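Working notes for the structure below.
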Amino acid sequence: MYHSAVYNEPLLKELVGIKKESISPINSIPKNLQKTKIDDIPNLDETQVIRHFHHLSQMNYGVDSGIYPLGSCTMKYNPRLCEQIASWDKFSNTHPFQDYSTAQGNLQIMFELERMLCEITGMDFFCLQPAAGAHGEFLGLLLTRAYHDYNKDYERNEVILPDTSHGTNPASVSMAGYKTIEIPSTNEGTVDLDVLEKTLSNKTACFMLTNPNTLGIFESEILKISKLVHKAGSLLYYDGANMNAIMGKVRPGDMGFDIVHLNLHKTFSTPHGGGGPGSGPVGVNIKLEKFLPIPRIAKTKDCTFVLDYDAPDSIGKIKGFYGNFSVLLKAYVYILMMGYDGLREVSETAVLNSNYMKKKILDKKRYEMPYANLRKHEFVLSCEKLKQIKDVRAMDVAKRLLDYGFHPPTVYFPLIVKEALMIEPTESESKDDLNRYINALIKIADENPETLKNAPNNCPVMRVDDVGATKNPILTWNMV
Ligand SMILES: *Cc1c(COP(=O)(O)O)cnc(C)c1O
């Protein structure tokens, strides 16, 4: 507004109808918006200001502060090299509108990243456009619809999900105009083949599955599941949020999945949790290729990279431009750094860390772990016994962990575990850090219930009214 006042007098005149001669920075502010008295603005020197903002920055907690075992979110270390390269001028100054002949390097990186993701997942083609996992799910379901429509199979309007599925799955199903059919898991926490078989029909468009599932259990009957799903004429969708558990070990493409999304910001190391930017590329097998969004990145015979819009059966565009390039670039650097064997080691270490914690915690018998014992990169504890004995809930334990200086796990998910604490330590944590977290969890279980119910006690913000904040959001700050 200040600049428009100084440099664009005619516009200002038109906007607020004030006389030209009265235009000066202060007079250009309409009378009714001018302050008549100065509020109580603190009078601070530079040192005090620096300390204030430094203190604020220290109040945040991130993966660089300590263990952050937020189950399903894969909060792992993000190598600084990836950040450095993503901030290079040559990358950060490219513009999506510039001619592609001047952005050949960027296109080559995206082209090669697509091939790498195909290799890691066992899929045939990838689209890098979706901005998050949920966006990838939505794309996957649009591809599902395009596929069935192409085959004149118009009756299929149902998508089946297990009761362990992530909340974004049914949300994406609705957004894509399908109906969600939820099926219960077995006592082992896995897909019930009998129930699945009975639920599949000529109305089923797709079965969406996370493997390992959100309990951290690998669906070992996946080949049978794939057979059943395909026999019914349905497609099989892989929610790849848990890819950190199986890289270099098994591939969704080899398990029979037709569509896969990856969460690059989770598995392939981009800082996340603050709302983006993220990236949820979608891989498909050959029968779905022609429906993929445009433009596709192609390589011509003379090794030029181009954006190819020539795809008559494509569902169209799913995002402005070509995806979140900086996240793609970080994933590319990360994969090159790690190599295929390195990625396998990541998964093996993530699974080892999770099982180490699980065993140590269960041995102390303060928390239970319903369903099968064998877990991959995460496990879900239940505080049900604590609730019954001491009226202490999962949320109380989570809040008390803040007092110990730790980030809590995911709580109350998946829904089939009562009073759930979903712990995913990732490969980044040392044994010492795992032990400290284990000890805190055990100690908390033995504490006085009142201490837990009032927690956190040592944090800048005490127990917040999260339901109130959701139902009555106040999104502005009023200076009095
Ligand atoms: C995180 C997650 C998603 C959604 O991914 P976003 O990138 O957050 O949109 C979907 N499914 C599972 C199992 C997840 O953990």
Side-chain angles (χ1 to χ4, degrees), residues 61-63 65-77 189 212 214-217 244-245 273 349-459 462-464 466:
Y61 188 98
V63 221
S65 326
I67 182 170
Y68 203 137
L70 200 57
S72 213
C73 295
T74 314
M75 307 300 283
K76 61 196 217 172
Y77 173 68
T214 59
L215 294 166
I217 302 172
N244 215 47
T349 312
V351 171
L352 181 66
N353 281 355
S354 150
N355 280 277
Y356 173 80
M357 282 186 94
K358 180 198 79 180
K359 171 101 176 54
K360 282 262 189 167
I361 294 170
L362 291 180
D363 281 354
K364 302 280 188 193
K365 300 196 186 316
R366 306 302 198 281
Y367 304 88
E368 305 85 71
M369 191 186 72
Y371 304 106
N373 186 43
L374 200 58
R375 300 296 165 115
K376 289 280 180 271
H377 66 308
E378 67 193 0
F379 57 99
V380 184
L381 298 175
S382 169
C383 302
E384 184 61 13
K385 207 168 78 185
L386 274 181
K387 185 180 165 197
Q388 280 167 12
I389 300 171
K390 319 208 301 188
D391 196 27
V392 161
R393 303 202 54 190
M395 187 60 87
D396 303 323
V397 174
K399 295 293 183 189
R400 184 64 177 151
L401 276 165
L402 296 170
D403 282 336
Y404 284 79
F406 294 121
H407 198 287
T410 297
V411 290
Y412 301 108
F413 175 71
L415 302 176
I416 64 170
V417 174
K418 286 183 186 162
E419 297 298 319
L421 294 177
M422 184 192 212
I423 300 177
E424 179 184 6
T426 81
E427 71 280 11
S428 309
E429 300 308 321
S430 67
K431 195 171 168 186
D432 282 347
D433 283 327
L434 298 179
N435 284 337
R436 275 193 277 273
Y437 205 84
I438 295 164
N439 292 340
L441 271 172
I442 300 303
K443 214 167 149 197
I444 287 170
D446 294 340
E447 282 184 321
N448 174 355
E450 285 317 303
T451 312
L452 302 193
K453 280 181 202 302
N454 293 326
N457 299 297
N458 317 329
C459 294
M462 299 297 139
R463 185 83 62 117
V464 291
D466 42 7

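Throughout, numbering of the chain's residues begins at 1 and tracks the sequence. This structure is a prediction, so every number in the text was calculated from the model and none was measured.
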Q) Between Tyr437 and Leu401, is a side chain to side chain contact (heavy atoms under 4.5 Å, CB included) present by the stated rule, with each step listed? A) CA-CA 9 Å; Tyr437 205 84; Leu401 276 165; 3.5 Å; yes
Q | Where Val411 and Ala398 come nearest, the two heavy atoms and their spacing | A | CG1-CB, 3.8 Å
Q. In Å and rounded to the nearest 0.5 Å, what is the CG to OG distance from Leu434 to Ser354?
A. 9.5 Å
Q: Give a yes or no answer on whether the side chain of Glu419 reaches the backbone of Arg393 with a donor-acceptor pair at less than 3.5 Å.
A: no
Q) Shortest non-hydrogen contact from Tyr61 to Gly405? A) CE1-O, 3.4 Å
Q | Point-to-point distance, once rounded to the nearest 0.5 Å, from NZ of Lys453 to CG of Asn448 | A | 10.0 Å
Q: Please confirm whether the backbone N or O of Thr426 pairs with a side-chain atom of Asn353, one donor and one acceptor, at under 3.5 Å?
A: yes
Q: Any chance you could measure Phe379, atom CZ, to Asn355, atom CG, to the nearest 0.5 Å?
A: 8.5 Å
Q: Please report the shortest heavy-atom distance between Tyr68 and Met75, naming the atom on each side.
A: O-CB, 3.3 Å
(Q) List the residues meeting side-chain contact (heavy atoms from CB on, under 4.5 Å) with Ala420, not counting sequence neighbours, and say none if there are none. (A) Val380, Val417
Q.
Suppose we screen for side-chain hydrogen bond (donor to acceptor under 3.5 Å, both in side chains). Which residues come up paired with Asp403, at least two apart in sequence or across chains?
A. Arg400, Asn457
Q) Could you state the interatomic distance from CZ (Phe413) to CG (Leu421), rounded to the nearest 0.5 Å? A) 14.0 Å
Q | Residue pairs passing the salt bridge (charged side-chain N to carboxylate O under 4.0 Å, His left out) test where at least one lies in residues 364-374, sequence neighbours excluded | A | Arg366-Asp446
Q) Of all heavy-atom pairs between Ser382 and Lys418, which one has the smallest distance, and what is that distance? A) OG-O, 2.7 Å
Q | Distance, nearest 0.5 Å, that separates NZ of Lys390 from CD of Glu450 | A | 11.0 Å
Q | Verdict with supporting geometry, Asp433 and Arg436, salt bridge (charged side-chain N to carboxylate O under 4.0 Å, His left out) | A | CA-CA 5 Å; Asp433 283 327; Arg436 275 193 277 273; 2.8 Å; yes
Q) If you take all heavy atoms of Ile444 and Leu452, which pair is closest and at what distance? A) O-CD1, 3.5 Å
Q.
Please determine whether salt bridge (charged side-chain N to carboxylate O under 4.0 Å, His left out) holds for the pair Asp396 and Arg463, giving the CA-CA distance in whole Å, both sets of side-chain angles, and the decisive distance to 0.1 Å.
A. CA-CA 10 Å; Asp396 303 323; Arg463 185 83 62 117; 3.2 Å; yes
Q) salt bridge (charged side-chain N to carboxylate O under 4.0 Å, His left out): which pairs involve residues 66-75, sequence neighbours left out? A) none
(Q) Looking at Ala394, is its backbone amide N or carbonyl O close enough to the side chain of Lys399 to form a donor-acceptor pair, meaning the two atoms are under 3.5 Å apart? (A) no
**Q.** Pairwise salt bridge (charged side-chain N to carboxylate O under 4.0 Å, His left out) hits with a residue in residues 420-432, at least two apart
**A.** Lys76-Glu427
(Q) With a 4.5 Å cut-off on side-chain heavy atoms, are Leu402 and Pro408 touching? (A) yes
Q) Does the side chain of His407 come within less than 4.5 Å of Ile67's, by heavy atoms? A) no
Q: Using side-chain contact (heavy atoms from CB on, under 4.5 Å) as the criterion, point out the one residue from Leu381, Asn373, Leu374, Ile438 that pairs with Lys358.
A: Asn373
Q.
Is a donor from one side chain sitting under 3.5 angstrom from an acceptor on the other, for Asn435 and Tyr356?
A. yes
Q: Give, for atom CD of Glu378 and atom CG of Leu215, the distance between the pair rounded to the nearest 0.5 Å.
A: 8.5 Å
Q. Partners of Gln388 by side-chain hydrogen bond (donor to acceptor under 3.5 Å, both in side chains), sequence neighbours excluded?
A. Glu384
Q. Would you call Asp363-Lys360 a salt bridge at under 4.0 Å N-O?
A. no
Q: Of all the heavy-atom pairs spanning Met395 and Tyr412, show the shortest one and how long it is.
A: N-OH, 3.2 Å
